[in-house]
Amino acid sequence: MPYTTNDIRRVEEKWQKYWAEHKIFRAEMDAKKEKYYVLEMFPYPSGKIHMGHVRNYTIADVIARYKMMRGYNVLHPMGYDAFGQPAENAAIKRGVSPSEWTYKCIDDMRAGLRRMGFSYDWDCELATCDASYYKWNQWIFTKMFENGLAYKKGSPVNWCPSCETTLANEEVIDNACWRCKNQVIQKDLEQWYLKITHYSESLLEDLKKLGSWPERVVAMQENWIGKSFGADIYFKVKGTEDVITVFTTRPDTIFGATYVMLAPEHPLVKKISKGMSQEKAVLAFIEKAANTSKSLRMSGDARKDGVFTGGYAVNPVNGEAVPIWIGDYVLMEYGTGAIMAVPTHDQRDFEFAREHKLPMRVVVQDPANPNVTPEQMTKAFEDQGVLASSKQFDGTPNEMAKQMISEWMSANEMGRVSVHWRLRDWLISRQRYWGAPIPMIYCKTCGIVPVPEKDLPVELPKNAPITGEGGSPLAKVKEFVEVKCPACGQDAHRETDTMATFFDSSWYFLRYCDAHNDKEAFDKAKVAYWMPVDQYIGGIEHAILHLLYSRFFTKFLKDLGLVSCDEPFTRLLTQGMVLKDGEVMSKSKGNVVDPDEVIGKFGADTLRMFILFAAPPEDQLEWNPAGLEGNWRFLNRVWNTVENRYSSDVGRQTSDVSRLTSNQMDAEDKKLEFERNAAIKKVTEGMEGGFKFNTAISAVMVLMNAIDKYISSTPGVGEVRKQGLLNEALETVVLLLSPFVPHMAEELWQMMGKADKSIAFISWPVFDEAALKTDTVKIAAQVNGKVRGEFTVPRDADEATLRSIILIDEAVLRHMGGKEIRKFIVVPNKLVSIVV
RNA sequence: GCUGGAGUGGCGGAAUGGCAUACGCGUCGGUCUCAAAAACCGAUGUCCUUACGGGCUUGUGGGUUCAACUCCCACCUCCAGCACCA
């Protein structure tokens, strides 16, 4: 009977039920067994699962199932990143509560995940919107507060007018909100921050430990953390005691500084320009800068704008008085908010100086053009050269001068060596409802007081009005806001902001290790056993945000003594996108393929196989219905071949009969044995060497082709002992396929009379190196680099033997043209290269 | 601009110094059938040649080597991230 759509539903449902009922994938800590923690980035529950989820989770599932068959104690959990804005939007639009909407979505997702047959330990399922989870969010937050890593400050923040909430720097992409894509504006607000910069150094340094992460992810994090080495240099404001500290990465160019430029927000600006004729213009410029959105101000093609303050600063190295300007290309948030401008050796300064007719001086000579004057330059010279007009440093190569000048300035109190970072502290508070309340209380007497652990969780009130109008909905719930101060008992009020959802996902991998603990966030011993995550799988879009935050949390929790690893994720695989017609599948483009429809027609196994076979996991995957059907045909072939064999009396009886031994085998038998062992080797190496699922599957296809050939063309295939050999080959096919197509593998394994337990508990097959060593090998013969013949020769034949075989071949001799042999190179069992 | 990645048949892709195009898709031909579908078998880089054969071919140009998709140098194109970060 052929494999039909009905068979698929029956078989897949049967095994999904079996796995669930027998808790086949339950993970228990067992110190005697080596652990393997496979984790995929948990989904935001916004509806049903889509192809992106299918791909991500299928990759993880194959790894989990493979590692289990290799004897590891595998932890493979699943949960839901369940707080966030879509739930609130649904509430506003449809009047359902965010909670109701979210839990409905979770149910839909769970059903979709079960239909795919993923090997999760459902006992540690979690949802971040459960009070039992976010209680520990709040606890971690109070620990951060106690350690000075959570603090409140007023400053300009990124504000999304559409979402009506603040955003972290990491959440602003191309000056737009990462979620709704609307333009982000700046707003002055008092907000909660997490001091991620406390870990700048180790977040950067420990990237070196992540050798098996994709290079680009490491590079992106390096860029984001952005460590710059240079010097702080002190410029006195002429006629005052005030000092402007500038930061530069080019202390070698200090003698070429012809003006100083401050950010419009710099605290000294108003003081310097006070009473000057320029004061009005300066104030107007500050006003303008404050009202221009950061996006406009920062856009790369903007003309460089600025005004003179009327003041002068003294260059400490030569006593020169240089004008102080303010300009919109200097940012208060980076460095010291002040720069020294060296127009000849910095392109931005060059453009600004040309525009405003400021002086220039060459202090690094271009080796190709040493006598160029500033007037002749068309752009700044930013390459290597030797110093000029720099007093005692003249003639010094500029790279060397960087350190020499820094040290000299240090010694003479003109400046100091310094390091600045691009990474800023993480803005964590959001003026939204559907998130974990920040567990803080404001008391007139005691100030900011964290909610004591015994009073956690601070639960979200169910009756908050969700209207979509500005401000946190929690602020409108009187019973929530009004509390007694935990310290002094007087009237006080609660913080009404909630945490950014990235807080929730920064430690969920720890909670999975001990998901139901109601006494603590997690048991230290369990986390010590399971962590770090051995293999993490998810989308590249989290290369900075989630991965950086999780690394930060791990370092903090390690400092608290709760976690023993430095880094949470040992290996990272970023899977490629799923495309249709060359574009990412999305609802707005209307090109989505619903996994459910595919499962209904071809089954979850076919879908899994297609997704693994069509492209390497890191690459983009183009949806191809014909390819899907090709995989369906292959699975049918396997099914039919196994069914034919084991439904016959011969096939069944043979399962107990020992197969042919090596010396009983004829050439065809040996060929089958070779292919069987070659397939095991190829698949195993593909799994171990970077999860090459596409080639692993192709290796099984090759074996299946060999089996079909053996059945149809081998004389004597009806002999019982030959059938033993054949059965073993088929068993190998089923075992090798089982991580990829687990339902069918279980069913066939049972059909083969093997199933006294799940195939998940069967050991991964091992290959026999001896079976791969055939007696003869095919080698190619090259003449002057071109292949001119193919020969079957004994394995490990020596040069003399090869000469005697090859040098009588007509085609080879013809191409040698009777010329003398200059070289005769033998690559054992591969080829012979003859040079004439 | 900086950083990272990628360029191989009609298509997805394989091969990391040793027979380029495994495996799959598609296409063409065949078997079975009244017929079609399914299934199965065979062919399929490209050019010249009736054929036998031979030339060319992994983005481009050079180099190293008996041998290069693979290593080195220069360049082109595409994708992604960052970007007035001093």
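So that the names make sense, note that chain A is the first sequence line, chain B the second, and so on, each numbered from 1. Only a predicted model underlies this, so the values are computations on that prediction, with no experimental measurement involved.
Going from atom CG of A:Leu331 over to atom P of B:rA83 covers 11 Å, rounded to whole Å. In this structure, A:Asn636 places its CG atom 15 Å from C1' of B:rA37, rounding to the nearest Å. Residue A:Tyr329 contributes atom OH, which lies 8 Å from atom C1' of B:rC84 at whole-angstrom precision. Computed from coordinates, the A:Glu541 CD to B:rC82 P distance equals 13 Å when rounded to whole Å. Between the P atom of B:rC85 and the CG atom of A:Asp328 lies a distance of 13 Å, rounded to the nearest Å. Distance, A:Leu628 CG to B:rG12 C1': 13 Å, rounded to whole Å. Between A:Glu618 atom CD and B:rG12 atom P the separation is 18 Å, expressed in whole Å. Rounded to an integer number of Å, the gap from CD of A:Glu351 to C1' of B:rC84 is 9 Å.
Distance check on atom P: B:rG7 versus B:rA14 gives 9 Å, rounded to whole Å. Between B:rC56 and B:rC11, the two P atoms lie 24 Å apart (nearest whole Å). B:rC69 and B:rU44 are spaced 22 Å apart, taking the P atom of each and rounding to whole Å. Rounded to a whole angstrom, the distance from the P atom of B:rA83 to that of B:rU3 is 16 Å. For the C1' atoms, the distance from B:rG45 to B:rC40 is 27 Å, rounded to whole Å. Taking the C1' atom of each, B:rG26 and B:rG12 are spaced 11 Å apart, rounded to whole Å. When the C1' atom is used for both B:rC73 and B:rU21, the distance is 28 Å, rounded to whole Å. One C1' atom belongs to B:rU60, the other to B:rU8, and the distance between them is 15 Å to the nearest Å.
More than 90° away from 0 lies the glycosidic angle of B:rG5, which makes this nucleotide anti.
If A:Gly785 and A:Gly335 are placed on RNA chain B by their nearest nucleotide, the residue sitting closer to the 5' end is A:Gly785. Comparing A:Thr336 and A:Asp708, the nucleotide of RNA chain B nearest to each residue sits closer to the 5' end for A:Asp708.
Judged as a side chain to side chain donor-acceptor pair (under 3.5 Å), and not counting sequence neighbours, A:Asp809 has no contacts. In this view, A:Glu215 satisfies the salt bridge (Lys or Arg N to Asp or Glu O under 4.0 Å) rule with no residue, not counting sequence neighbours. With sequence neighbours excluded, no residue satisfies ring-ring contact (aromatic ring centres under 6.0 Å, His included) with A:Trp421.
The phosphate of B:rC85 (OP1 or OP2) has no side-chain N or O of A:Thr249 nearer than 4.0 angstrom. Between A:Arg348 and the phosphate of B:rC85, there is a side-chain N or O to OP1/OP2 separation shorter than 4.0 Å.
The base-pairing partner of B:rC78, taking Watson-Crick or G-U wobble contacts with both distances under 3.5 Å, is B:rG5. Base pairing annotation: B:rC11 forms a Watson-Crick or G-U wobble pair with B:rG24, both donor-acceptor distances under 3.5 Å.
Counting only N and O atoms by type, the side chains of A:Asn705 and A:Arg637 include a donor and acceptor under 3.5 Å apart. A:Asp581 and A:Asn591 share no side-chain donor-acceptor pair at under 3.5 Å. Side chains of A:Asp232 and A:Thr245: no donor on one and acceptor on the other come within 3.5 Å. Checking A:Thr732 against A:Arg676 by side-chain atom types alone, a donor-acceptor pair falls below 3.5 Å. Donor-acceptor pairing under 3.5 Å is recorded for the side chains of A:Glu399 and A:Gln384.
Salt bridge A:Arg250/A:Asp346: absent, no basic N to carboxylate O contact under 4.0 Å. Contact check on A:Glu675 versus A:Lys671 returns a salt bridge, with a Lys/Arg side-chain nitrogen under 4.0 Å from an Asp/Glu carboxylate oxygen.
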Atom pairs under 3.5 Å: protein N/O with N/O of nucleotides 3-9 of chain B:
residue: B:rG4; atom: O3'; partner: A:Glu215; partner atom: OE1; Å: 3.4
residue: B:rG5; atom: OP1; partner: A:Glu215; partner atom: OE1; Å: 2.8
residue: B:rG5; atom: OP1; partner: A:Glu215; partner atom: OE2; Å: 3.3

Mind listing the N/O atom pairs, protein and nucleotides 53-57 of chain B, below 3.5 Å?
residue: B:rG54; atom: OP1; partner: A:His815; partner atom: NE2; Å: 3.2
residue: B:rG55; atom: OP1; partner: A:Arg788; partner atom: NH2; Å: 3.1
residue: B:rG55; atom: OP2; partner: A:Arg788; partner atom: NH1; Å: 3.3
residue: B:rC56; atom: OP2; partner: A:Lys786; partner atom: NZ; Å: 3.0

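Counting heavy-atom neighbours within 6.0 Å of A:Arg422 CZ, excluding the residue itself, gives a total above 12. Within 6.0 Å of NZ on A:Lys227 lie more than 12 heavy atoms contributed by other residues, nucleotides or ligands.
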Item to check | Under 4.0 Å protein heavy-atom contact, by nucleotide of nucleotides 14-28 of chain B - B base, S sugar-phosphate only | outcome: S---BB--BBSSS--

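Residue A:Asp305 forms a side chain to side chain contact (heavy atoms under 4.5 Å, CB included) with just one option from A:Phe352, A:Phe285, A:Tyr329, and that option is A:Phe285.
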